Amino acid sequence: MPPERKARVGKRRRASSDKGDKDETASSAKERVGGKRKAAASAETGANKESSESPGSPQQCRWLMKSEPESRFENGVDMKFGIEDLKALPNQTDCWDGVRNYQARNFMRQMKEGQLAFFYHSNCKEPGIAGIMKIVKEAYVDHTQFDKKDVHYDATSKADNPKWSMVDVQYQRMLKRFVPLAELKKYHLQHRAKGGPLKDMALFTRARLSVQALTTEEFDFVLSLEDKEPL
DNA sequence: GCCAACGTTGGC
DNA sequence: GCCAACGTTGGC
């Protein structure tokens with residue numbers, strides 16, 4: 001996964017590509033990185049764990065995608081891709097490439113056009129949720145897996161059976177205030193002890209996943225924090 | 001298919 | 001920069 005910025009985790013991406021041009025709706029290459037992060041290693045074994053998670057059930061139709069907002073060089077390539085970078089692109093849209101983790105990839109394959117995702121800033125001074133984006137194109141082949149120059153090139157992926165997918169996302173808005181991981185963690189601990197919407201939040205229970213599903217309850221609770229004083 | 005070694009993620 | 005958590009690899 002991206003790159004999981006990306007890959008970033010999420011996303012992360014890089015620049016040019018030559019393959020997979022078939023469907024390049026979003027911008028073509030830019031540099032991104034992000035988030036997310038993705039798991040970088042290419043895996044062979046798990047290669048076909050197709051959908052281990054069930055397709056977007058009605059309760060899990062919101063997402064969280066990680067990307068790195070601060071510069072970090074991987075093979076000479078800057079992985080930086082924060083929400084401001086997405087916002088600055090033409091159409092404020094980009095493809096979330098570079099995800100190299102099966103669970104994260106499978107979540108992206110479940111995404112439906114129009115669904116919302118939090119843009120999470122990871123691996124930085126202040127990790128947390130910066131804003132909201134929308135899925136504008138459902139999963140398609142991540143061309144960076146075939147690009148030898150790309151940081152997320154995967155020699156084990158074949159053109160006739162691509163391993164990795166990506167989606168296109170469009171910037172929606174910043175949260176009224178940045179919601180730091182540390183604050184979410186306080187709620188998580190509180191909810192875990194006494195009950196509450198964040199008690200099982202993937203950000204804490206599967207901390208390393210760069211693309212995560214949120215229930216509407218989790219999503220709405222996090223959103224409600226932007227109108228509250230920081231905890 | 002088990003599992004130890006290894007590599008990556010990402011908070012701190 | 002440390003290091004815990006956890007995913008992946010590969011020997012057996």
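Note on naming: letters A, B, ... go to the chains in the order of the sequence lines (proteins, then strands), and numbering restarts at 1 for each one. These numbers were taken from a predicted model, which means no experiment stands behind them.
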(message) Given dG11(B), dC12(B), dG7(B), identify the nucleotide with an atom nearest to the side chain of Lys185(A).
(response) dC12(B)

(message) With a 4.5 Å cut-off on side-chain heavy atoms, are Cys95(A) and Tyr140(A) touching?
(response) yes

(message) Output the rounded distance in Å from NZ (Lys80(A)) to P (dG10(B)).
(response) 18 Å

(request) Would you indicate what Ala207(A) reaches in the nucleic acid, counting non-hydrogen atoms under 4.0 angstrom: base, sugar-phosphate, or nothing? (result) sugar-phosphate

(request) Figure out the NZ/C1' separation between Lys125(A) and dG1(C), and round it to whole Å. (result) 13 Å

(message) How many whole angstroms separate atom CG of Asp154(A) from atom C1' of dT8(B)?
(response) 15 Å

(request) Using whole Å, report how far CZ of Arg208(A) lies from P of dC12(B). (result) 15 Å

(request) Figure out the CD/P separation between Gln212(A) and dG7(C), and round it to whole Å. (result) 12 Å

(request) Kindly say if Lys66(A) contacts the phosphate of dG10(B), meaning a side-chain N or O under 4.0 Å from OP1 or OP2. (result) yes

(message) Test salt bridge (charged side-chain N to carboxylate O under 4.0 Å, His left out) on Glu70(A) and Arg72(A); report intermediate values, then the result.
(response) CA-CA 6 Å; Glu70(A) 294 172 6; Arg72(A) 183 176 66 81; over 6 Å; no

(message) Between Glu226(A) and Arg173(A), is the salt bridge (charged side-chain N to carboxylate O under 4.0 Å, His left out) condition met? List the steps.
(response) CA-CA 12 Å; Glu226(A) 66 179 351; Arg173(A) 68 174 179 87; 2.8 Å; yes

(request) Starting from C1' on dG11(B), measure out to CG on Leu203(A) and report it in whole angstrom. (result) 11 Å

(message) In whole Å, I'd like the distance from the CE atom of Met201(A) to the P atom of dG11(B).
(response) 13 Å

(request) Nearest whole angstrom, please: distance from the P of dG10(B) to the CG of Leu209(A). (result) 9 Å

(message) I want to know whether Phe119(A) and Trp63(A) have ring centres closer than 6.0 Å.
(response) no

(message) Checking contacts here: which listed nucleotide (dG7(C), dG11(B), dT8(C)) is nearest the side-chain heavy atoms of Tyr102(A)?
(response) dT8(C)

(message) OP1 or OP2 of dT9(B) versus the side-chain N and O atoms of Tyr120(A): is any pair under 4.0 Å?
(response) no

